[in-house]
Every structure is written in C-alpha cells, then in structure tokens.
There are 2 protein chains.
Amino acid sequence: MSKQGGTEEHALAEVVGCCSPLAREPLSAAQSVELARVFKAMGDPVRLRLLSLIASHAGGEACVCDLTDVFDLSGPTISHHLKVLREAGLISGERRGTWVYYRVHPDVLAQVSAVLVPAAPDSPAAMPGDREALPVVEA
Amino acid sequence: MSKQGGTEEHALAEVVGCCSPLAREPLSAAQSVELARVFKAMGDPVRLRLLSLIASHAGGEACVCDLTDVFDLSGPTISHHLKVLREAGLISGERRGTWVYYRVHPDVLAQVSAVLVPAAPDSPAAMPGDREALPVVEA
DNA sequence: CGTCTACCTTGACGCCTGTCGAAGCAGGGG
DNA sequence: CCCCTGCTTCGACAGGCGTCAAGGTAGACG
C-alpha cells in the first residue's frame, strides 16, 4: 500500500458543519462516516489516554519520550496509536531537533463535543474558533 | 451500587465523574477504559446513525422496524449494533406488544460531551440531570 | 390450536486492528 | 567520521469486529 496516505482529507467541518446536534436531525451517511472516524480513533483506552496526556501537558505539547514511559507498551505501538490520532485530525506532531512534539487540535474536540449535546443552550463550547480552523491532516 | 445482576457494569459516572475535562489532567487507566468503551460504540457509522435516528425521532423513541428500513443491512446486523449501543449505556430498549422501542440516554451523551471540551466556562451542558441518573445497562 | 410478524441469538466467515521485534531514518556528539 | 539516541516504518501474528444466513422466542390474530 502506498505509504503515506496523507491523501485522506477528513472534512469534518465541511460534512458535520459547526453545529449539527446528533439529536436534532438524523445524520446522513456521509456525516456518520466522518464522525465515526474520529470516534473510532478515540475508542481505544491507550489513544484516549495519549490524547489526554498531550492535552493536559504543560505548554500544550508533549514529547513522545514522555508518553512512552507511561505505558507498558513498546515504542512502535505508541507510534502507531499516535499515527491513528494524527490521521483522525485530533493531533499533529512536529520534530524539533532530536525530539518530536505532539499537540492537540482543540477545535476538533469542541466540534465533536457540540455534536453530542442535545441543544447546547447557551453553550460557548460550541464554537471557539471558526469552522475553517479545522486542521488539515498532515499524516 | 451493584446494579442488578446484569453483566457489565459500566460505571461511567463513577469513574469519569460529572466533569473531568480531558485536557485538564491526564485520564487514569480506569477512566480511559470506561470512556473508550463508549467511544468505541460510537466509532461505527451505522451505530452513530442509529443513535442519531433514535435521538431525533419524534417522541424520543424509535421502533426497530423504522431503523431497519434506513440501511441496506440485514435484520440481525441492526440488532447486533443496537446491542452494542445498549451495552455501552447509550440506549435502552423496551418491548411494547409486538414492537421494541429504543430511546437514548441524554445524560451519557452530555457527560461524554463535557469530557471533551477543554474548559466549559459557564457551560450548563455538563449536567442536565444528576450523575445518579446514569442508566443501568440491561444487556 | 396454528400461523404470521417482529425481533433476537447462534455460528461462521473475512477483514480490520493492536501488538511486537527488527530494521530504517534523522540528528547530536564523540 | 562513526556511533548513539529518539522515533517511525515494516512484516507478521493473534484476537476482535462487522456481516450474513439459519434458527429461535415473544406476542397478535383467527
């Protein structure tokens, strides 16, 4: 298989929009596929913890070396999970010198969160930025 | 709070609490396992669409016969997906006469949503009901 | 009673995925 | 220059998961 399929664009913002609550109207097939991609990425304890570790780390970014120590898993496995999160558009990584630093994309989390709540009464969580801000996956 | 002798206990409320944002502090191993269980259930396009169909249906509940027609899938497959959603605590079903009606548990959706948003400044979305209201899985 | 409909369970099959060891690439120091 | 560390990719293996056909259960209706 061709290696980098960076090819995949997940237009989460385009398909889901900024605010289409799950309970308001039925998701289309395309919408559900896009959303499920993100949920599936978060559907693993290790990845969920990685996401949390990165998000809660000082400075908003974490080095892979910090993440690896937390788990009883091999390096390649951690790398694999980071790749999955990256391809889901949840995080992105940057190499600085010897180390690679990852940071989360809060907009994506906010969008996913907004889809789940029934109405979002006056919720500010719905749209911190604009939907355009959705990161293109770099994989 | 052992629930009924059901199979799985998902103490989502117990482990996750009502408001522990992902980005505030790292998830514990137990928390990530519980949360991942819910996300994994939502990590399939068909299940996500089922959830949306039920949630957005008039009266807050939907008959299985309505759901089956939407997909090009066999009855057993739909039944399987409904079971997964049920065991994740996202929906519950009730038999009335010949038909079985499913309805969603909005509290669970709200809790999951609350975990994702970074801060939730004044968000009321966090807790519509009380955590005790978390549905017991009937599996 | 029998039968028909609606829904669930079982068993089987193929793909997808999490995991590892080994090997490869990128930089920093000797 | 060579090596050493950090991270990723490759190849392989076991287990999980989505799907269906066939068979089972619950209730309605005659």
Side-chain angles (χ1 to χ4, degrees), chain A residues 1-6 8 29 32-33 36-51 53-54 61-88 91-103 137-139, chain B residues 6-8 29 32-33 36-51 53-54 61-88 91-103 137-139:
Chain A
M1 48 183 60
S2 58
K3 308 198 124 196
Q4 229 11 316
E8 287 295 339
S32 56
V33 168
R37 194 195 308 269
V38 179
F39 282 129
K40 191 191 287 184
M42 293 194 290
D44 181 282
V46 174
R47 287 197 289 268
L48 215 43
R49 223 167 150 206
L50 282 171
L51 199 63
L53 284 167
I54 298 170
E61 60 183 10
C63 168
V64 177
C65 53
D66 297 329
L67 304 173
T68 309
D69 298 342
V70 178
F71 303 90
D72 288 338
L73 293 172
S74 67
T77 299
I78 299 296
S79 205
H80 162 70
H81 285 304
L82 288 171
K83 183 179 180 182
V84 172
L85 288 172
R86 214 190 316 144
E87 291 180 343
I91 63 175
S92 60
E94 177 197 359
R95 172 160 217 134
R96 280 206 297 278
T98 307
W99 298 277
V100 175
Y101 294 90
Y102 279 94
R103 59 175 57 240
V137 174
E138 55 182 58
Chain B
T7 14
E8 287 289 334
S32 56
V33 168
R37 194 195 308 271
V38 179
F39 282 128
K40 191 191 287 185
M42 293 193 291
D44 182 282
V46 174
R47 287 197 290 267
L48 215 43
R49 221 166 151 206
L50 282 171
L51 199 64
L53 283 167
I54 297 170
E61 60 183 12
C63 169
V64 177
C65 54
D66 296 329
L67 304 173
T68 309
D69 298 342
V70 177
F71 303 90
D72 288 338
L73 293 172
S74 67
T77 299
I78 299 295
S79 208
H80 162 69
H81 285 305
L82 289 172
K83 182 179 181 182
V84 172
L85 289 172
R86 212 188 319 141
E87 291 181 343
I91 63 175
S92 60
E94 178 197 0
R95 174 161 216 137
R96 280 206 297 278
T98 307
W99 298 275
V100 175
Y101 294 90
Y102 280 93
R103 59 175 58 240
V137 174
E138 56 185 57

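All heavy atoms count here, side chains included; hydrogens, waters and symmetry mates do not.
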- Query: Can you give one letter per nucleotide of nucleotides 20-30 of chain D, going 5' to 3': B for a protein heavy atom under 4.0 Å from the base, S for sugar-phosphate only, - for none?
  - Reply: BBB---BSS--
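Between the side chain of A:Arg86 and the main chain of A:Ala88, no donor-acceptor pair closer than 3.5 Å is present.
Bounding nucleotides for the chain B contact on DNA chain C, 5' to 3', at a heavy-atom distance below 4.0 Å, are C:dA6 to C:dT9.
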Contacts table for residues 68-77 of chain A: side-chain donor-acceptor under 3.5 angstrom, sequence neighbours left out:
| unit_1 | atom_1 | unit_2 | atom_2 | d |
| --- | --- | --- | --- | --- |
| A:Thr68 | OG1 | A:Val64 | O | 2.9 |
| A:Ser74 | OG | A:Thr77 | OG1 | 3.0 |

Which pairs of donor and acceptor atoms, one on a side chain in residues 40-47 of chain A, lie under 3.5 Å apart (sequence neighbours left out)?
| unit_1 | atom_1 | unit_2 | atom_2 | d |
| --- | --- | --- | --- | --- |
| A:Asp44 | OD1 | A:Val46 | N | 2.8 |
| A:Asp44 | OD1 | A:Arg47 | N | 3.3 |
| A:Arg47 | NE | A:Ala41 | O | 2.6 |
| A:Arg47 | NH1 | A:His81 | ND1 | 3.2 |
| A:Arg47 | NH2 | A:Lys40 | O | 3.3 |

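Nucleotide D:dG18 holds its C1' atom 11 Å from the CD1 atom of B:Ile78, rounded to whole Å. The interatomic distance linking A:His81 (NE2) with D:dT9 (P) rounds to 15 Å, in whole Å. The NZ atom of A:Lys83 sits 7 Å away from the C1' atom of D:dT9 (whole-angstrom rounding). Protein atom CZ of A:Phe39 is 15 Å distant from nucleotide atom P of D:dG18, rounded to whole Å.
Atom CG of A:Leu85 and atom NE2 of A:His80 lie 9.5 Å apart (nearest 0.5 Å). Here CG of B:Leu82 is found 11.5 Å from OG of B:Ser92. Values are rounded to the nearest 0.5 Å. Separating the CG atom in A:Leu51 from the OG atom in B:Ser32 is a distance of 11.5 Å, to the nearest 0.5 Å.
Considering every non-hydrogen atom in both A:Cys65 and A:Trp99, the closest pair reads SG-CD1, 3.9 Å.
A rotation axis mapping the C1' atoms of four pairs onto the next four is fitted at both ends of the helix from C:dC1-D:dG30 to C:dG30-D:dC1 over five pairs, and the angle between these axes is 10° to 10 degrees.
Residue contacts shown for A:Tyr102 are limited to sugar-phosphate atoms, with no base heavy atom under 4.0 Å away.
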- Would you sort out whether B:Leu50 and B:Ile91 count as a side-chain contact (heavy atoms from CB on, under 4.5 Å), showing the intermediate values? CA-CA 10 Å; B:Leu50 282 171; B:Ile91 63 175; over 6 Å; no
- List the steps and the verdict of side-chain contact (heavy atoms from CB on, under 4.5 Å) for B:Asp66 and B:Leu53. CA-CA 9 Å; B:Asp66 296 329; B:Leu53 283 167; over 6 Å; no
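Residues satisfying the ring pair (Phe, Tyr, Trp, His ring centres under 6.0 Å) test with B:Phe39, not counting sequence neighbours, are A:Phe39.
Note on B:Lys40: a side-chain N or O is less than 4.0 Å away from OP1 or OP2 of D:dC17.
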